[in-house]
Amino acid sequence: MANLGERLKLLRKEKGLKQVEMAKQFNQSPRAYQYYEAGTRHPEYDHLLALADFFNVSLDYLVGRSETRERQP
């Protein structure tokens, strides 16, 4: 099963975005976002929620706990 960094990279590439663009979108330094994709650091809870919302996926999918992208009601 994929981890958070792998999922972030996959979802970002599906949207055709660069790491720098993602960093700007979430008011972070490009290096901070690179750390997330590399798995060196993990975003705080509020950033995780914002990323899940941005990509329109469930939090479980984003962090690698599920293969189901859709959010459950």
Side-chain angles (χ1 to χ4, degrees):
M1 206 175 279
N3 64 31
L4 172 65
E6 293 167 339
R7 289 282 163 85
L8 285 173
K9 186 174 184 177
L10 172 76
L11 292 165
R12 174 180 59 79
K13 286 187 172 194
E14 284 178 0
K15 283 197 173 267
L17 299 171
K18 296 180 180 180
Q19 288 180 336
V20 172
E21 295 168 320
M22 287 297 297
K24 279 185 184 179
Q25 177 72 28
F26 293 96
N27 297 317
Q28 297 178 323
S29 71
R31 192 67 186 144
Y33 185 80
Q34 289 170 351
Y35 284 143
Y36 297 160
E37 283 193 10
T40 307
R41 295 190 183 155
H42 301 287
E44 293 186 19
Y45 181 70
D46 58 333
H47 283 127
L48 281 174
L49 291 176
L51 286 163
D53 288 345
F54 178 79
F55 290 119
N56 196 30
V57 297
S58 72
L59 192 54
D60 280 344
Y61 177 80
L62 184 64
V63 299
R65 290 182 47 171
S66 172
E67 294 300 317
T68 305
R69 287 184 180 210
E70 294 81 29
R71 297 176 189 197
Q72 301 299 317

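Quick note: numbers below take in every heavy atom, side chains included, and nothing from hydrogens, waters or symmetry partners.
- When each of Asn3, Leu48, Leu4 is paired with His42, the side-chain contact (heavy atoms from CB on, under 4.5 Å) condition holds for Leu4 and for no other.
- Contact of the Tyr45 side chain with the Leu59 side chain is registered, since non-hydrogen atoms from C-beta on lie closer than 4.5 Å.
- In the hydrophobic clustering of this structure, Tyr33 groups with Val63; members are Ile, Leu, Val, Met, Phe, Trp, Tyr whose side-chain heavy atoms approach within less than 4.5 Å, directly or through other members.
- When side chains are defined from C-beta on, Phe26 counts as touching Phe54, because their heavy atoms get closer than 4.5 Å.
- Here the closest non-hydrogen pair linking Thr68 and Tyr61 is O-CB, 3.3 Å.
- Contact check on Arg7 versus Asp60 returns no salt bridge, with no Lys/Arg side-chain nitrogen under 4.0 Å from an Asp/Glu carboxylate oxygen.
- The hydrophobic cluster containing Tyr35 does not contain Leu62, counting ILVMFWY residues as joined when their side-chain heavy atoms lie under 4.5 angstrom apart, directly or transitively.
- Taking a 6.0 Å sphere around CZ of Arg71, one finds it holds more than 12 heavy atoms contributed by other residues, nucleotides or ligands.
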After noting the C-alpha distance and the side-chain angles of Asn27 and His47, does the key distance pass the side chain to side chain contact (heavy atoms under 4.5 Å, CB included) rule? CA-CA 10 Å; Asn27 297 317; His47 283 127; over 6 Å; no
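- The CG atom of Leu11 sits 13.0 Å away from the NZ atom of Lys9 when rounded to the nearest 0.5 Å.
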Quiz: residues 14-23 side-chain donor-acceptor pairs under 3.5 angstrom, not counting sequence neighbours:
unit_1 : atom_1 : unit_2 : atom_2 : d
Glu14  : OE1    : Arg69  : NH1    : 2.9
Glu14  : OE1    : Arg69  : NH2    : 3.3
Glu14  : OE2    : Arg69  : NH2    : 2.8
Gln19  : OE1    : Gln34  : NE2    : 3.4
Gln19  : NE2    : Glu37  : OE1    : 2.8
Glu21  : OE1    : Lys18  : N      : 2.6

